[in-house]
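Within every chain, numbering begins at 1; the chains are lettered A, B, ... in the order of the sequence lines, protein sequences first and strands thereafter. Side chains are part of it too, since the values below use all heavy atoms of this structure and drop only hydrogens, waters and symmetry mates.
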2 protein chains.
Amino acid sequence: MTRRTPRPRERGIPEATVARLPVYLRALQALDDQGTPTVSSEDLASIAGVNSAKLRKDLSHLGSYGTRGVGYDVEYLIYQISRELGLTQDWSVAIIGIGNLGRALANYGGFGSRGFRIAALLDADSSIVGDKVAGLSVRHIDALEDVVEGEDVSIGVIATPAAAAQSVCDRLIGCGVTSVLNFAPVVLNVPPSVDVRKVDLSIELQILPSTNNESPTGTAGRSGSGSPGA
Amino acid sequence: MTRRTPRPRERGIPEATVARLPVYLRALQALDDQGTPTVSSEDLASIAGVNSAKLRKDLSHLGSYGTRGVGYDVEYLIYQISRELGLTQDWSVAIIGIGNLGRALANYGGFGSRGFRIAALLDADSSIVGDKVAGLSVRHIDALEDVVEGEDVSIGVIATPAAAAQSVCDRLIGCGVTSVLNFAPVVLNVPPSVDVRKVDLSIELQILPSTNNESPTGTAGRSGSGSPGA
DNA sequence: CCCACTTTGTGCCCGCTTTCACAAGAGCGT
DNA sequence: ACGCTCTTGTGAAAGCGGGCACAAAGTGGG
Ligand SMILES: NC(=O)c1ccc[n+]([C@@H]2O[C@H](COP(=O)([O-])OP(=O)(O)OC[C@H]3O[C@@H](n4cnc5c(N)ncnc54)[C@H](O)[C@@H]3O)[C@@H](O)[C@H]2O)c1
Ligand SMILES: NC(=O)c1ccc[n+]([C@@H]2O[C@H](COP(=O)([O-])OP(=O)(O)OC[C@H]3O[C@@H](n4cnc5c(N)ncnc54)[C@H](O)[C@@H]3O)[C@@H](O)[C@H]2O)c1
């Protein structure tokens, strides 16, 4: 107890913590759905697959929202984490490249339910433009600037072939998008003000055998899931 | 009784390094394709989007394969990294859950070219079973054990709904699969001998806005999956 | 043979994370 | 009020990982 202000000039919550908040959030929502009113750090940590001390330290960055001897109020914690993650407002997302992966993403219902609205689908292939995917009409990539402005898009999802990714990214940034989720297997070059996250499925596969193959007999493997995030 | 395992783990390449090796590998293959015989750590680091000192340190874990004053031999380095990652042999992969995501994965050509052979597609929905996807016939989940044994599957990719993921995972482990790539938004419970990696697209999205909202300092974009590592 | 130049491999330091361990707080039964 | 039990919040320590900076090693020209 050294702080008195509920929301001090916090320089920011550690990145590692932020990366785990969504995991806690999902666990909490599951608990909420089944009517659990409160949960201890031990139980929540177990569901989320992390150490309970880590969970408590993570949550302590948000403030003291727990009650000693009792635990955390599930609904209240959901609200606090959502607020911290900026999920209390909706974000508009544009998906660029409506191929195998782009379609899967567009058809996935799990985004909308979390405050992410898929606002537009864009592709360069004129034989795809105009198709209806997940209730949206695919628009031509030339309209990118118009779409971003018109739909107030702040997140771009790149699912184009690798060769097109950088130029698409540049155009997104050019019209004000500050967050990019990239599925193409290339390193995108962006100014520091833009946040890029990369999801590379091939790399995940390549890491898999090596981590496990290394030692002949029972090594200390990893039980939880690893998303180093960085 | 306070001290448990003093960390028996030794003899391995740092996990953070392993996670970057595939990135270097891809950069090297691009160089090889265009006929470049050698490359300096500076240049390779630039392509891979990392610090050159970090790259050198990463490579030093594999051995001293560089030549001072010259750089690294591209082909030789490709071989060494591939060997370290266990990519010199082929791995059989089974995809379970042939929905939006499972289909995208099955249709993706980038896996086969890297030593991963998609050996089987499995689903519980009998209206899907028998369909041809990416040249493979979808088989019923009941045949999982037979398929794993018959095709010598060592990597399972779970693309089922969250509710089915744990049971599918248990069955995979039960018939000898030691590596699992999980796309379902749940934390899988597995014995330490099994390596699970999670790719959670929703989480990536949720992290995106918050990381960028913060202060302008040090928010250089760039990240692995989650990864953070994870 | 020597010197100037290039590039690797690594010692060292620093900051971020994780984990432990425990005091302080909160509820409950008596 | 008191003591017991449960659980949080957090110092402190340990462990990684990143990056600077430099000596060592290799190349090429004269
Ligand atoms: N499908 C997967 O499971 C998978 C796995 C790992 C990585 N990836 C990566 O994701 C990306 C997409 O994969 P995919 O399987 O969907 O490929 P895909 O070829 O099926 O789809 C790519 C789409 O992008 C469109 N496109 C091409 N250039 C464009 C441009 N300049 N602007 C807008 N759209 C453009 C194409 O018309 C096509 O519809 C690729 O970079 C791939 O390497 C995919
Ligand atoms: N599609 C995406 O972009 C996306 C994004 C993030 C996360 N995910 C996650 O990936 C998973 C799959 O997503 P999807 O969009 O492909 O869902 P989907 O509903 O389209 O496909 C799921 C498939 O799994 C099959 N299935 C169900 N139970 C099964 C069982 N016990 N054994 C074998 N197969 C079974 C279903 O028949 C269906 O074909 C989900 O967990 C989802 O949350 C998907």
Side-chain angles (χ1 to χ4, degrees), chain A residues 1-3 6 11-21 24 37-46 48-74 76-77 80 220 222-224 226-230, chain B residues 1-10 12-21 23-24 37-46 48-74 76-77 80 211 217-220 222-224 226-230:
Chain A
M1 261 296 279
T2 52
R3 308 230 165 76
R11 224 46 203 147
I13 293 176
E15 202 172 333
T17 294
V18 171
R20 283 185 294 266
L21 290 180
Y24 305 154
T38 63
V39 65
S40 70
S41 64
E42 202 71 49
D43 291 348
L44 184 54
S46 164
V50 302
N51 179 302
S52 70
K54 176 152 57 177
L55 182 135
R56 287 199 297 279
K57 184 152 287 189
D58 281 344
L59 294 185
S60 75
H61 287 294
L62 307 184
S64 284
Y65 299 135
T67 305
R68 296 174 189 228
V70 177
Y72 299 87
D73 182 278
V74 172
Y76 189 53
L77 201 49
Q80 289 298 341
R222 0 191 31 64
S223 52
S227 209
Chain B
M1 285 307 164
T2 51
R3 207 163 283 253
R4 312 230 74 188
T5 43
R7 181 57 70 142
R9 162 178 170 145
E10 185 50 54
I13 294 177
E15 201 172 333
T17 293
V18 172
R20 283 187 293 268
L21 291 181
V23 180
Y24 304 153
T38 63
V39 65
S40 71
S41 64
E42 201 71 49
D43 291 348
L44 183 54
S46 165
V50 301
N51 179 298
S52 69
K54 177 153 54 177
L55 182 135
R56 287 198 297 278
K57 188 163 288 185
D58 282 343
L59 295 184
S60 75
H61 288 295
L62 307 184
S64 284
Y65 298 135
T67 306
R68 300 177 187 225
V70 176
Y72 298 88
D73 182 279
V74 172
Y76 188 53
L77 200 49
Q80 288 298 341
T211 51
T217 35
T219 327
R222 204 154 277 134
S223 62
S227 86

Peer 1: Taking atom CD of Gln80(A) and atom CG of Leu62(A), what is their separation to the nearest 0.5 Å?
Peer 2: 7.0 Å

Peer 1: Nearest 0.5 Å please: distance from the CG atom of Leu44(A) over to the CG atom of Leu55(A).
Peer 2: 5.0 Å

Peer 1: Compare every heavy atom of Tyr24(B) with every heavy atom of Ala48(B), then report the nearest pair and how far apart it is.
Peer 2: CB-CD2, 3.8 Å

Peer 1: So Thr67(A) and Asp73(A), do their side chains get closer than 4.5 Å, heavy atoms only?
Peer 2: no

Peer 1: Whole Å only: how far is the CG atom of Leu59(A) from the P atom of dT8(D)?
Peer 2: 9 Å

Peer 1: Test side chain to side chain contact (heavy atoms under 4.5 Å, CB included) on Val50(A) and Asp58(A) and set out the steps.
Peer 2: CA-CA 11 Å; Val50(A) 302; Asp58(A) 281 344; over 6 Å; no

Peer 1: Whether Ser41(B) contacts dT8(C) is assessed here as follows: a side-chain N or O lying under 4.0 Å from the phosphate OP1 or OP2. Is that the case?
Peer 2: yes

Peer 1: May I have the distance from Arg56(A) (atom CZ) to dA23(C) (atom P), rounded to whole angstrom?
Peer 2: 15 Å

Peer 1: Closest approach to the side chain of Pro14(A), judged atom by atom: which nucleotide of dT17(C), dT10(C), dT10(D) is it?
Peer 2: dT17(C)

Peer 1: Do Leu59(B) and Arg56(B) pass the side chain to side chain contact (heavy atoms under 4.5 Å, CB included) test, and can you show the C-alpha distance, the side-chain angles, and the key distance before you say yes or no?
Peer 2: CA-CA 5 Å; Leu59(B) 295 184; Arg56(B) 287 198 297 278; 5.9 Å; no

Peer 1: How many Å lie between CG on Asn51(A) and C1' on dG9(D), as a whole number?
Peer 2: 14 Å

Peer 1: Show the nearest heavy-atom pair for residues Ser52(B) and Ala45(B), with the distance to one decimal.
Peer 2: CA-CB, 3.5 Å

Peer 1: For DNA chain D, find the residues of residues 62-72 of chain B with a heavy-atom distance under 4.0 Å and give them by number; none if there aren't any.
Peer 2: Thr67(B), Arg68(B), Val70(B)

Peer 1: Starting at CG of Asp43(A) and ending at C1' of dT8(D), how long is that distance when rounded to a whole Å?
Peer 2: 14 Å

Peer 1: Classify Ala53(B) by what it touches in the nucleic acid, base, sugar-phosphate, or nothing, heavy-atom distance under 4.0 Å.
Peer 2: base

Peer 1: Please pick, from dT18(C), dT8(D), dG9(C), the nucleotide with the shortest atom-to-atom distance to any side-chain atom of Lys57(A).
Peer 2: dT18(C)

Peer 1: Measure NZ/Lys54(A) against C1'/dT7(D) and give the value in whole Å, please.
Peer 2: 20 Å

Peer 1: Figure out the CG/P separation between Asp73(B) and dT8(C), and round it to whole Å.
Peer 2: 13 Å

Peer 1: Grab the CD-C1' distance between Glu15(A) and dG18(D) for me, whole Å please.
Peer 2: 14 Å

Peer 1: Can you check the Ile13(B) CD1 to dG9(C) P distance for me, whole Å?
Peer 2: 14 Å

